[in-house]
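Since the structure comes first, as structure tokens, the remarks are kept for the end.
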Amino acid sequence: MSTPRVFIARHGETEWSLSGQHTSYTDLPLTPNGEKRVKATGSALVGKDRLIDPDHVVKVYVSPRLRAQRTFQLLFGDLIDKSRVVTDDRIQEWNYGDYEGKLTKEIRQMRTERGLDWPADPSTGRKEKVWSIWRDGCENGESPDQIVTRLDSIIKEIQDCQRAHQNEAVHDVVVIAHGHILRSFAMRWVKRSINTNPALLLEAGGIGVLSYEHNNIDEPAILLGGAFNVPE
């Protein structure tokens, strides 16, 4: 029996993911190119004897945002029974608060003007402080600790589910969400802090894979690469 896997899929391209604007609660649709690329990903990776076999998926968690819901539809169509699909607020994007719709350089300028960050000062030995969402969170949005709380809850739920179905063919889980929350999810999956930049990338429309070492639910791991199953 294969080891259970968790497929993390970032929603397809939107106008703001393309421009680099921070998007949490703003409900943007996919761009035409975003739709086209997600469809291509689904055709290549979803289906019997492909990376994601819908017959092996026990549960799908989808963010409530339109861009994530549409990504699910494009990836799976009617291949997943609706009884196995849950819309879950715990995997909506990191709430950016005052930083919604802004570029990173705009956020850093705004924080410097508010005295929250500052340049280096050689005369006093003061070191530069530059905004990092992983350390500082978002004004009037969410802090890293709040993200950890909601992610640890859903990760435990997923691992309990996979423990219960471990010896069955149907034991994979799919999570369809957003860039920052999925990178945080990957770090918490392997019990790492999210307070420093994890240096993980997940392109719009991209799919990552998490699993377990030694087929042991108590040893969660990031699957850097895997082979396709080939029918005998």
Side-chain angles (χ1 to χ4, degrees), residues 6-31 33-35 37-39 41-42 45-46 52 59-76 85-104 106-107 131-155 157-158 173-190 192 194-195 197-210 222:
V6 177
F7 300 100
I8 54 173
R10 184 181 173 190
H11 65 77
E13 177 190 275
T14 69
E15 290 293 345
W16 281 12
S17 71
L18 190 60
S19 64
Q21 292 167 265
H22 286 71
T23 322
S24 54
Y25 52 80
T26 304
D27 227 359
L28 299 178
L30 302 186
T31 64
N33 185 56
E35 294 228 353
R37 292 182 66 183
V38 172
K39 285 179 184 177
T41 298
L45 300 182
V46 178
I52 306 175
K59 200 164 188 178
V60 181
Y61 292 89
V62 188
S63 160
R65 299 284 80 82
L66 173 65
R67 55 197 183 273
Q69 296 284 327
R70 180 58 176 158
T71 297
F72 165 73
Q73 294 168 359
L74 293 171
L75 285 175
F76 291 98
V85 182
V86 176
T87 297
D88 199 308
D89 287 345
R90 290 175 294 179
I91 52 165
Q92 63 186 322
E93 182 58 294
W94 195 314
N95 187 330
Y96 297 131
D98 293 351
Y99 309 155
E100 183 77 2
K102 292 181 168 34
L103 302 172
T104 296
E106 294 172 332
I107 296 168
W131 175 70
S132 165
I133 191 171
W134 310 103
R135 180 192 62 223
D136 304 316
C138 303
E139 293 177 86
N140 295 311
E142 286 184 293
S143 69
D145 286 347
Q146 288 173 305
I147 295 300
V148 166
T149 296
R150 61 179 167 103
L151 286 182
D152 283 0
S153 169
I154 196 169
I155 286 171
E157 184 176 304
I158 290 171
V173 169
V174 178
V175 178
I176 301 177
H178 312 268
H180 273 118
I181 204 66
L182 287 176
R183 283 181 280 167
S184 301
F185 186 102
M187 293 300 289
R188 293 308 299 160
W189 182 260
V190 292
R192 299 292 193 273
I194 67 167
N195 292 122
N197 189 336
L200 299 174
L201 298 177
L202 186 60
E203 293 183 339
I207 295 177
V209 187
L210 308 174
I222 296 173

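Every side chain to side chain donor-acceptor pair (under 3.5 Å) that Glu139 has, sequence neighbours left out, goes to Tyr99, Arg114. Residues meeting the salt bridge (Lys or Arg N to Asp or Glu O under 4.0 Å) test with Glu157, sequence neighbours left out: Lys59, Arg90. Considering only residues two or more places apart in sequence or on other chains, Thr26 meets the side chain to side chain donor-acceptor pair (under 3.5 Å) condition with Glu100.
The shortest side-chain heavy-atom distance between Val175 and Ile158 falls under the 4.5 Å cut-off. With a 4.5 Å cut-off on side-chain heavy atoms, Pro64 and Asp89 count as touching. In this structure, Phe76 and Val62 have side chains that are not in contact, with every pair of non-hydrogen atoms separated by 4.5 Å or more. No side-chain heavy atom of Leu75 sits under 4.5 Å from any side-chain heavy atom of Ile52. The shortest distance between side-chain heavy atoms of Trp189 and Leu151 does not fall below 4.5 Å. No side-chain heavy atom of Trp134 sits under 4.5 Å from any side-chain heavy atom of Asn195. Put simply, the side chain of His180 does not reach to within 4.5 Å of the side chain of Ile147, judged on heavy atoms. Here the side chains of Leu74 and Leu30 are in contact, with some heavy-atom distance below 4.5 Å.
Rounded to the nearest 0.5 Å, atoms CD (Gln69) and OG1 (Thr87) are 4.0 Å apart.
Within 6.0 Å of CD in Gln146 there are more than 12 heavy atoms belonging to other residues, nucleotides or ligands. Within 6.0 Å of CZ in Arg37 there are 12 or fewer heavy atoms belonging to other residues, nucleotides or ligands.
In this structure a side-chain-to-backbone donor-acceptor pair under 3.5 Å is missing from Ser24 to His22. No donor-acceptor distance shorter than 3.5 angstrom exists from the side chain of Ser143 to the backbone of Gly137, with no hydrogens or angles considered. At distances below 3.5 Å, not a single donor-acceptor pair connects side-chain atoms of Ser153 with backbone N or O atoms of Thr149. Checked by atom type and distance alone, the side chain of Asp88 never pairs as donor or acceptor with a backbone atom of Tyr61 at under 3.5 Å. The closest donor-acceptor contact from the side chain of Glu13 to the backbone of Gly205 lies at 3.5 Å or more, if one exists at all.
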Show the numbers, then the answer: is there a side chain to side chain contact (heavy atoms under 4.5 Å, CB included) between Phe185 and Leu210? CA-CA 10 Å; Phe185 186 102; Leu210 308 174; 3.6 Å; yes
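Among the candidates Gln92, Glu93, His11, the single residue satisfying the side chain to side chain donor-acceptor pair (under 3.5 Å) test with Arg65 is Gln92.
Note: His178 and Trp94 fail the aromatic proximity criterion, with ring centroids not under 6.0 Å apart.
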